[in-house]
Every structure is written in C-alpha cells, then in structure tokens.
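Per chain, numbering begins at 1; letters A, B, ... match sequence-line order.
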Amino acid sequence: MPAPDRPLLTVEHLTMRFGGLVAVHDVSFTAAGRRITAIIGPNGAGKTTVFNCITGFYSPTVGRIVLHGGRGDFLLERMEGYLIAQKARVARTFQNIRLFPRMSVLENLLVAQHNALMRASGMSVLGLLGAAGFRHAEREAVDHARYWLDRTALADVADIDAGTLPYGAQRRLEIARAMCTRPALLCLDEPAAGLNHAESRDLNHLLRFIRDEHEIGVLLIEHDMSVVMEISDHVVVLDYGRKIAEGSPEAVRHSPDVIRAYLGEEEGEALPPEVTADLKGEGGAGAAHERGPAETQ
Amino acid sequence: MEYFLQQLINGVTLGAIYGLIAIGYTMVYGIIGMINFAHGEIFMIGAFISFIAFLLLGALGITFVPLALLLVLLLAMVFTSVYGWTVERLAYRPLRGSFRLAPLISAIGMSIFLQNYVQVLQGARVKPLQPVVTGGFQMFKGDGFAVSFSYLQIVIILVTVVLMASFSLLIGRTALGRAQRACEQDRVMTALLGIDVDRTISTTFVMGAALAAVAGLMFMLYYGVIDFYIGFLAGIKAFTAAVLGGIGSLPGAMLGGLLIGLIETFWSAYFSIEYKDVAAYSILVLVLIFRPTGLLGKPEIEKV
Amino acid sequence: MAAETADTPQHPPQDGIAAILKDAGIAALISLALALPLFGFRIVGFGSGRGLALEERWDWVVTAVLAVFAGRIALNLWLRRFRAVLAIGGRVGDGVGDKIGQAVAAAPRLGRILQAAKPAFRIAVAGALLAVALAWPAFPFVDRYLLDLGVIVLTYVMLGWGLNIVVGLAGLLDLGYVAFYAVGAYSYALLALHFDLGFWECLPLAGAFAAFFGIVLGFPVLRLRGDYLAIVTLGFGEIIRIILINWYPVTNGPNGISGIPRPSFFGLPFAADPPEGTVAFHQFFGLEYASTQRIAFLYYVILALALVTNLFTLRIRRLPVGRAWEALREDEIACRSLGINPRNTKLTAFAIGAMFAGFGGSFFATRQGFISPESFSFIESAIILAIVVLGGMGSQLGVVLAAVLLIGVTEFFRELEQFRMLAFGAGMVAIMVWRPRGLLAHRDPTIRLHARGEKA
C-alpha cells in the first residue's frame with residue numbers, strides 16, 4: 001500500500017490529438033494514494049480525454065502514464081484497456097452510466113470479479129464439474145459484493161435488474177461495481193452529475209470512506225464545485241486541454257487563472273449549458289464537439 | 001492488352017450496376033444505421049417490374065427503343081419505389097428505437113418474404129429476354145481479338161453517371177438532402193427543429209428503391225435473364241461495395257461499386273470463375289477487418 | 001406507444017367513419033400500386049419460339065386491393081373498439097405496421113402468460129415438454145412421419161440452443177452458423193468414409209473441427225460491431241458453401257457425399273439383413289425388424305445431444321464466463337473497464353456455439369446418409385437465427401417453443417411448398433414487429449442474494 005504522499009499515478013506530458021484537434025496538450029500531474037484528486041475545468045477542457053487515456057480507451061499521442069502499484073510500475077499508455085483494469089487495477093465509472101442493464105445488481109458486481117472467479121472456476125472446467133473450490137470462491141465473491149451493496153445501500157435491490165434502478169442508485173452501483181474489482185486507483189467520471197443534494201452528500205461520505213478505509217487513490221472529474229471543494233485533497237484544473245493550475249482546493253479557488261477560465265464572473269456553482277451537456281452524456285469526444293465541428297467532422 | 005481493355009469495360013459496366021444498388025444501402029445506413037437486408041430484393045423486384053413493363057410496351061406496340069427504355073425506366077422507378085416505401089413502413093418503422101438487432105432481423109425476414117413473394121407470383125423459372133439494345137463499337141481490332149464497347153454498355157454507364165450526379169446534387173443542395181443529412185447526425189434534434197423525420201426516412205427508402213429499380217433494369221438488359229433469386233447475391237455484393245467505399249458515403253458507394261465490379265470481372269477473367277463470389281466475400285471480410293470505415297468513410301471515434 | 005399520441009389541432013381525431021374510409025382508401029391505393037405490376041401480370045410462355053408474353057390477372061389485383069381495403073377498415077374498427085375498452089388514446093390511421101404491433105402487443109398471448117408466470121410454472125412447462133419429448137416415439141399416433149418430424153424439430157432445437165450461446169448470451173449476431181453445421185457434417189462424412197470411424201468416435205472430432213473453425217474465423221472479426229459482424233459471418237457462411245461446391249477432390253462438389261455410414265446401436269447395426277457375422281439390433285433384442293427402430297434410435301440420439309447442449313448452457317450461464325458473455329452483450333466498454341478480455345470471451349462463445357453446430361452437423365450427416373452443399377445455404381442460418389430470436393434471445397424454453405412453432409407450422413404448409421417460406425418470412429417480420437425481444441424475453445438472475453419471495 002503506497003504511503004499517502006507517494007504518487008500512485010504519474011501523468012507526464014500527456015498530449016492527445018484527434019486529427020487536427022488537440023484535445024489535451026502537454027498535461028502533467030500526479031495523484032497520490034489515499035488521496036482524492038479532482039480534475040476540473042470547463043466543458044471541453046479535455047478532462048474525460050485524460051481519463052480515457054489513463055484507462056486505456058484512447059492511446060495518447062504523446063506522454064507517459066505510470067501507475068505505481070503494489071506489484072511494480074505499470075506503463076498504462078502501452079497497455080490494452082482491459083489489462084489496465086486487470087493488471088494495474090485501475091477501475092473507472094462513466095459519465096453516462098454504463099451498467100449491464102438486463103443483469104441483476106448482484107450479477108453486475110460478480111462480473112466485476114470476473115478474473116478472480118475465472119481462475120477459481122479453472123477456466124470454467126472445474127466450474128462445469130461443480131468443484132467445491134469454485135463454489136467457495138463464488139461464495140466469497142458474493143460476500144464481497146454484499147459488502148459493497150451494504151456500503152452503497154443497494155442490498156435490498158440486489159436481485160432486480162440494474163437497468164430498472166433509479167438514477168442515483170445506478171450511479172452508486174457503478175461505484176460499487178468498480179470497487180468490486182479491488183482497484184488500486186478509482187477513476188470517477190462526474191459521479192455527482194444528476195444527483196440531488198442529499199445524494200450528493202451521501203456520495204461525499206462514500207468517497208471519503210473509500211479513501212480512508214480502503215486506502216486507495218481516487219481520481220475524479222467533477223463539475224459540482226461543492227463536491228470538489230468539500231472532499232478533494234488535490235485539484236488539477238484544465239482549460240482548453242492545458243493544465244492551468246494545480247494545488248489544494250483552497251489555492252485553486254483563489255487562482256486568478258482559474259477564476260477567469262472556469263469559475264467565470266461569480267462563484268459559478270454549476271454552469272447551465274454544461275449541465276445539459278452532461279445529461280446528454282457527452283464524453284471525451286465531447287471535447288471535440290465544442291471546439292468547432294469543422295475540425296473534427 | 002485487348003483482353004484487359006475488354007474486361008475493363010465489362011467491369012465498369014458491372015460496377016455501375018453495383019454502385020446504383022450500393023447507394024440504397026449506404027443512404028439507409030447513413031440515416032438510420034441499419035443494414036437494409038431486403039434492399040437486394042427491391043432490386044430484384046425492380047428487374048421484374050422492368051421486365052413486365054417491357055413486355056407490356058411491346059404488346060402496346062411501342063417499339064421505338066429509346067422511348068420504350070425511358071418509359072420502362074420511369075415505370076420501374078415509380079412502382080419499385082412503392083415497394084421500398086412499403087417495406088420501410090411495415091417492417092422497419094415500427095421497430096425504430098427498438099433494440100439494435102431487431103430491424104436487421106426484420107429485414108432478413110422481409111428479404112425471405114419478398115423472394116418467395118415474387119417466386120409465387122411469377123414462378124421460379126428463369127426469365128430470358130430478347131436483347132433490346134444491340135450493336136456497338138469495335139475498337140482496336142488486335143490479333144484475332146476485338147474490343148467491343150456495346151451501345152448497351154454505353155447506355156448503362158451514361159444513365160448511371162447522370163443518375164448519380166443528380167442524386168449527389170439532390171442530397172448536397174436541396175432542403176430534402178439537408179434534412180437527410182441532419183437526420184444522420186441527430187434524429188431527435190432534427191425532429192425538434194420541426195422536420196418530419198419519418199417522412200425524411202421514407203423518402204430515403206424511396207430514393208434507394210428508385211435507384212435499385214434502375215439497377216434492376218440495367219441488370220436485366222445486360223444479362224438478359226432474371227429470376228427471383230438475383231437479389232440475394234447482387235445485394236451482398238452491393239453491400240460489400242457500400243462498405244468498401246465507406247458506408248454512409250455516397251461517392252464511396254459509387255467508388256465501391258466500381259471496384260467490386262472490376263474485381264469481380266478481372267477475377268473471373270484471370271483466375272477462376274467458380275470462385276468469383278468468394279472474391280467479393282473475401283474483400284468484404286478483409287475491408288471490415290482492416291478498414292471498417294471503408295475508403296471514403298469518416299473515422300468513428302469511440303465515445304466512452 | 002399509445003400514450004404519446006396526443007392529438008394536435010393539425011391532426012383532428014380520426015376515428016370518424018369518413019376518416020376510416022379515407023385511411024382504408026389510401027391503403028387500398030398503395031396496395032393497388034404494389035399489386036398492379038406483379039399481381040396484374042405474369043410472365044409466361046417460355047420457349048414457345050415467339051418469346052415471352054404477359055398473362056393478365058386483373059381478378060388478382062381487384063381481390064388484393066379489396067382485401068386490403070376491407071382489412072384496413074376492420075382493423076381500424078377493431079382498434080377503435082379496443083381503444084374504447086382500454087380507454088387509451090391512439091391516433092388511428094398511422095400505418096399498418098405499428099397498428100398491428102399495437103393491437104397484437106396488447107392482446108394476451110402465450111409468451112406474455114409464460115413471462116408473467118412464476119418460474120415454477122415455467123419449470124412445469126419445461127418438464128411437461130421434456131416428458132412429451134421422451135415419450136414421443138411411444139405415442140400410438142406417432143407414425144414414421146411424425147417421428148421424422150420430431151427428429152427435425154429436435155435438430156433445430158439443438159442448433160437453436162447452440163446458437164443461443166452465441167447470439168442470445170454473448171450478443172454476437174452470427175448469420176453464418178450453418179457453416180459450422182456444414183463443417184461438422186463434412187467432417188463426419190469424410191472421417192467415417194476414409195478412416196472408417198464410427199459415429200461416436202467422430203462426434204467429438206467433428207465438434208472439435210467446428211470449434212477450431214469457429215476460432216479461426218472468429219479471431220479476426222469478433223471485434224466488429226453487431227451488424228457488421230452479422231454480414232461478415234454471412235460472408236464466411238457463403239464462402240464455405242462455395243468451397244464445398246467447388247472443391248471436387250474432397251467434397252465431390254455439388255453432387256455431395258453419399259453412402260455415409262448410419263449409426264449403430266453400440267455396434268449393433270439397424271438392418272433387415274445384417275452382413276455375415278454381425279448381429280442386427282432387432283435380432284439381438286429378439287424383435288421384429290422395423291425401419292422405425294432406427295429412426296427412434298436417431299430420435300433419442302438427437303434428444304440426448306439437445307439435452308446435453310441445454311444442460312451445458314444452463315450450467316455455463318451460472319459460471320463467470322457465462323456472466324461475462326451476457327455482460328459483453330449488455331455493454332462491451334463497461335466490460336473492458338472491469339478487466340474482462342472481450343476478444344477471448346467472445347471467442348469462447350463463438351467456438352462453443354460452433355462446436356454444438358458441429359455435433360448437430362454430424363448427426364445430420366448420419367441421419368441423411370447423404371450430404372451436399374445445398375443443405376447448408378444461408379436460409380438454414382436464417383431459420384436457426386429466427387428460432388433463437390423468436391424464442392426470446394437467451395431463453396432456453398423460448399427456443400423450444402419457437403422451433404416447434406416455426407418448423408411445426410411451416411410443416412402444415414408442406415403441400416404448398418412455395419408458400420412455406422413466404423409464410424416464414426412474413427412471420428419473422430410480424431414477430432419482430434410484435435415482440436422485438438421475442439416470445440420469452442424474461443430473464444431470471446443466475447444468482448440471488450435473497451431467496452425468491454423473501455423481502456430483504
């Protein structure tokens with residue numbers, strides 16, 4: 001387990017181009033273990049693109065992304081997406097929730113433990129034969145799922161289809177599912193989007209709990225400044241694909257660059273057009289949209 | 001050399017026919033993102049309607065070939081369009097917004113239905129037609145081998161070029177074309193802006209069917225025989241052409257059609273005629289594996 | 001569907017008689033345009049030396065148009081009554097397709113009943129079907145024809161269950177499933193003829209060959225999106241068929257392979273006059289020779305194969321790999337974010353599905369005693385896929401119901417050979433429009449936290 005201030009994730013000179021468009025330009029930052037690091041910035045600042053590079057959905061044009069794990073360092077930019085989750089133990093959620101809607105809540109959490117269960121089932125052969133070892137492993141997996149169901153107040157609905165859950169519960173389930181992979185780094189893409197005040201408060205509790213009790217690093221993209229200011233230990237501010245500030249929430253809040261670029265005229269809690277964009281679920285490619293369709297289409 | 005040139009001319013002619021069908025696939029895919037599996041059958045129906053129209057005109061005593069051709073062309077386009085419209089209305093529109101495989105399966109069902117529908121109505125036997133357009137040019141008479149460029153080939157290529165040009169203009173310059181392109185981008189938003197999306201989609205099917213009817217007429221004239229089964233293979237090849245050119249792209253469909261026509265002709269001429277369909281399928285597979293966006297298609301960035 | 005049709009001023013309520021007539025008139029006009037060329041004229045007179053002629057069939061056109069007109073009025077009237085009963089608003093006059101869809105979807109149907117029913121009821125239905133299947137050859141009314149029909153239906157059930165792994169669970173739309181069926185059939189035929197192997201030795205080999213083909217074909221293409229994958233698999237299916245047609249030295253081309261050994265009952269052949277030195281099945285058991293004995297044996301062989309397929313699927317659904325298949329069907333991107341290797345997971349589904357097709361293919365070969373490329377055309381793939389989709393993707397019971405329905409019902413059209421596939425295609429469309437998710441779209445979780453019925 002890394003010490004609090006040893007970096008867990010190091011991003012160096014990350015640049016991502018889509019055709020002629022530079023979505024992320026030379027961004028470097030670190031995220032520590034047992035800390036919550038927030039990436040903020042106006043819509044189209046390249047936040048989700050950074051996320052997608054870290055979690056292997058895009059391969060960056062330039063740059064190095066290193067995860068300092070318990071079992072050595074992983075160069076994430078060279079790994080295939082699923083291996084980043086499997087080996088480097090980076091888990092993520094999505095801006096527009098991606099559950100397995102026609103599978104039950106519990107099944108969603110068991111799929112998250114796929115690799116461990118797959119080994120226990122002897123690549124299915126032992127499982128087909130009904131070996132005791134596999135049954136035991138499956139019970140453990142259910143217990144693990146149960147633990148996160150209790151933490152996210154979803155135990156009551158464990159057997160219904162994930163797609164039928166209300167929005168807030170789906171967000172929680174996505175976090176529970178990511179945690180079930182036993183990650184070293186948890187990446188959350190706008191976890192508070194669309195949540196009401198009470199749900200947002202519960203989310204803060206949950207994230208603190210994850211940080212303090214499970215001692216893992218959390219990296220999050222967020223628009224809701226109340227969430228960012230309240231729970232993050234470290235803030236990275238992006239604008240037009242560049243990092244314009246980095247530091248404690250307090251320091252960032254007073255940085256003139258940040259105020260100019262993002263917080264705008266006033267305190268600017270949430271910017272209406274951005275909220276609408278979030279609800280439409282525009283992700284990394286959204287970064288491309290904003291800059292002008294002429295360049296991307 | 002003469003042999004090569006002859007094959008080139010034959011290939012371009014065949015490619016023109018494939019290109020006309022491919023436009024139907026590509027337009028429909030562009031606008032509602034589905035493979036209109038029954039489109040090959042629409043082409044087949046177009047060929048049958050042309051055939052019947054020819055016989056009818058003959059019976060009515062209209063034997064002046066250019067006039068007859070024009071009339072058949074119009075009749076086939078109109079009546080086949082009704083089929084295209086109806087297919088969309090019955091089999092696809094109710095499934096809009098349904099899960100993604102439903103329209104494809106409905107389309108396969110429609111394809112099977114239409115094939116057997118024509119078989120029941122017109123019989124299973126092959127229908128041969130007397131050559132309508134005869135004659136042609138002889139070019140470079142080489143050692144015992146002449147390159148011929150028949151009037152029919154000229155007609156096919158000319159009609160195709162004219163139609164493709166006018167359709168490109170239609171889509172590029174008119175309000176209808178704008179509505180179609182808007183639907184491709186975002187159907188909900190287009191509807192919110194007051195455009196009748198259903199009608200736009202219907203129009204797309206009608207246009208595709210009209211072009212398929214022309215292709216059906218050309219096919220009938222060129223090969224001189226049709227049966228109820230010609231739609232399947234021609235459909236697959238035209239779809240391959242659409243994918244090769246870049247599905248959703250109109251110039252891509254024309255280019256793809258041309259390439260498939262040339263490849264098939266040259267493959268038959270120089271390698272083996274038995275495996276000419278394998279060549280088309282293999283190209284389909286290879287293109288989809290190595291360049292799923294086709295030659296002129298837009299790259300698709302995966303949205304996460 | 002009906003809820004969103006609040007009538008706007010531009011669309012006055014169209015349930016007056018005049019509106020219904022107008023609507024029916026439009027439908028009749030369209031049907032006139034459809035019927036005029038293809039109903040109205042028939043191309044006749046081949047080879048008479050005087051070329052072709054047209055035969056006019058105005059009566060057909062008139063009948064078709066009148067039928068549409070009357071049908072449309074009846075449909076609208078029925079809908080109006082129906083709507084009054086349910087007090088739902090619906091804009092009448094909005095197209096035949098969704099009309100039929102709306103109307104039929106609202107009517108109670110078998111699938112709906114089964115779907116709403118408790119799992120205990122579904123288990124009871126499955127048990128009853130199994131009992132009937134086991135006892136089928138013993139029923140007094142089951143003659144040779146019905147026994148053969150049973151074998152055919154079970155073959156499709158087995159293939160449907162095999163394809164269900166690929167399409168229903170893993171969500172990979174495979175339009176070339178028949179290719180693996182063909183590989184299985186030819187593997188058995190060639191192994192049996194050239195290496196003198198028996199059915200039971202060949203069966204696993206044929207399955208392995210088919211699975212191997214599945215891996216080889218699947219490896220490059222499984223990352224393609226749904227409908228592209230469908231077309232590529234269709235292409236593969238056709239390529240294999242064309243190869244079978246043209247590869248004379250091995251496959252004997254379009255003439256096919258005949259004289260494929262029939263299966264024996266653990267070494268006891270089914271024959272009226274067994275060759276010197278062997279004891280036939282009926283002699284061994286002291287029975288009268290009857291040709292149905294062999295068919296009954298084949299029936300139980302395919303029943304066993306089908307049940308093995310089913311058992312396998314039921315079990316593997318509860319294993320991590322089965323859940324990963326379903327998760328991939330639901331959301332591939334989310335799967336990648338959870339560390340699941342999409343390609344390998346899809347490949348296992350593809351290969352296992354292919355293996356079962358291979359088993360089915362060897363059975364087909366031994367049952368027929370003769371195979372040719374003709375048996376492995378695209379239409380077979382379409383039928384198997386239709387069974388899976390119609391049944392409700394992923395539902396094992398649904399596959400059985402769909403196979404019985406599709407094969408059984410089209411068998412009724414047997415006398416009218418050409419109408420059979422016509423009805424089949426129309427049925428496929430109608431079912432998709434009516435229930436896009438199939439007859440039994442219900443899915444039970446593979447594992448539960450709380451026992452059923454228990455309130456957490």
Side-chain angles (χ1 to χ4, degrees), chain B residues 34-35 45 48-49 51-53 55-56 59 79 82-83 85-86 89-91 93-95 98-106 108-125 127-130 232 236 239 243 274-275 277-278 281-282 284-285 288-289 292 302 304, chain C residues 30 33-34 36-39 41-44 46 51-54 95-98 100-101 167 171 173 175 220-221 224-228 230-232 234-236 238-239 242-243 245-246 333 378-379 382 385-386 389 393 418-422 424-433 436-437:
Chain B
M34 73 164 281
I35 298 171
I45 286 177
F48 267 90
I49 293 178
F51 202 111
I52 289 168
L55 292 178
L56 199 61
F79 283 102
V82 182
Y83 274 92
W85 184 87
T86 310
R89 198 74 185 78
L90 292 180
R93 190 178 297 180
L95 289 173
S98 183
F99 89 121
R100 64 193 166 88
L101 298 183
L104 179 61
I105 288 157
S106 181
I108 293 171
M110 194 37 108
S111 164
I112 295 172
F113 173 81
L114 288 176
Q115 234 177 61
N116 289 279
Y117 168 83
V118 172
Q119 188 193 356
V120 167
L121 289 175
Q122 299 292 335
R125 289 167 73 173
K127 317 271 184 294
L129 184 78
Q130 307 275 317
F232 180 74
I236 297 276
F239 177 76
V243 171
E274 291 86 19
Y275 285 100
D277 296 336
V278 170
Y281 290 123
S282 310
L284 176 67
V285 172
L288 281 177
I289 293 170
E302 185 174 38
V304 180
Chain C
I30 291 164
L34 292 175
L36 200 58
L38 293 177
F39 278 53
F41 302 98
R42 185 187 164 92
I43 307 165
V44 289
F46 330 92
L52 299 172
L54 286 177
V96 188
D98 35 26
I100 295 171
V167 179
L173 190 55
L175 286 181
V221 301
L224 295 173
R225 272 181 313 146
D227 35 10
Y228 275 13
I231 297 295
V232 167
L234 188 156
F236 276 147
E238 290 297 294
I239 288 176
I242 296 170
I243 290 174
I245 291 176
N246 290 300
I333 287 176
F378 167 69
I379 198 77
L385 181 70
V389 176
M393 308 217 311
Q418 43 184 355
F419 289 102
R420 198 162 118 172
M421 290 319 287
L422 189 76
F424 181 82
M428 229 167 132
V429 176
I431 286 155
M432 271 295 110
V433 170
R437 286 204 173 267

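Of the two parts of C:I231, the backbone and the side chain both hold a non-hydrogen atom closer than 4.5 Å to a non-hydrogen atom of chain B. Contact annotation for B:S282: both backbone and side-chain heavy atoms come within less than 4.5 Å of a heavy atom of chain C. Looking at C:A382, only its side chain comes within 4.5 Å of chain B, counting heavy atoms on both sides. Within the 4.5 angstrom heavy-atom criterion, only side-chain atoms of C:L234, from C-beta onward, approach chain B. Of the atoms belonging to B:A91, heavy atoms from both backbone and side chain fall under 4.5 Å from chain C. At a 4.5 Å heavy-atom cutoff, the contact between B:L55 and chain C is made by backbone and side-chain atoms alike. Only the side chain of C:V389 comes within less than 4.5 Å of a heavy atom in chain B; its backbone stays farther off. Contacts between C:A386 and chain B at a heavy-atom distance below 4.5 Å are absent for every atom of the residue. Proximity to chain C (any heavy atom under 4.5 Å) is restricted, for B:L95, to the side chain, taken from C-beta onward. Proximity to chain C (any heavy atom under 4.5 Å) is restricted, for B:L104, to the side chain, taken from C-beta onward.
Minimum heavy-atom separation, B:Q122 to C:R42: OE1-CA, 3.4 Å. Across all non-hydrogen atoms, the minimal contact from B:F113 to C:A426 is CD1-CB, 3.6 Å. Heavy-atom minimum distance, B:I105 versus C:M432: CG2-CG, 3.8 Å. Taking every heavy atom of both residues into account, B:G109 and C:V429 meet most closely at C-CG2, 3.6 Å. Closest of all the heavy-atom pairs between C:P37 and B:I52 is O-CD1, 3.3 Å.
Once rounded to the nearest 0.5 Å, the distance linking CG of C:N246 with OH of B:Y275 reads 4.5 Å. Rounded to the nearest 0.5 angstrom, B:Y117 OH and C:F39 CZ are separated by 4.5 Å.
The most heavy-atom pairs under 4.5 Å with chain B, out of C:L36, C:I245, C:I239, C:L385, come from C:I239. By number of non-hydrogen pairs under 4.5 angstrom with chain C, the leading residue of B:I108, B:I45, B:L284 is B:I108. Contact count against chain B (heavy-atom pairs under 4.5 Å) is highest for C:L224 among C:L224, C:L175, C:I379, C:V221. Among B:D277, B:V243, B:V278, the residue making the largest number of heavy-atom pairs under 4.5 Å with chain C is B:V278. Contacts with chain B were tallied for C:I431, C:L38, C:I242; C:L38 has the most, counting heavy-atom pairs under 4.5 Å.
A donor-acceptor contact shorter than 3.5 Å links the side chain of B:Y83 to the backbone of C:L34.
Screening B:N116, B:I112, B:V118 against C:L422 for a side-chain contact (heavy atoms from CB on, under 4.5 Å) leaves a single residue, B:N116.
Using cut-offs of 30° and 60° on the angle between ring planes, the pair B:F239 and C:Y228 is perpendicular.
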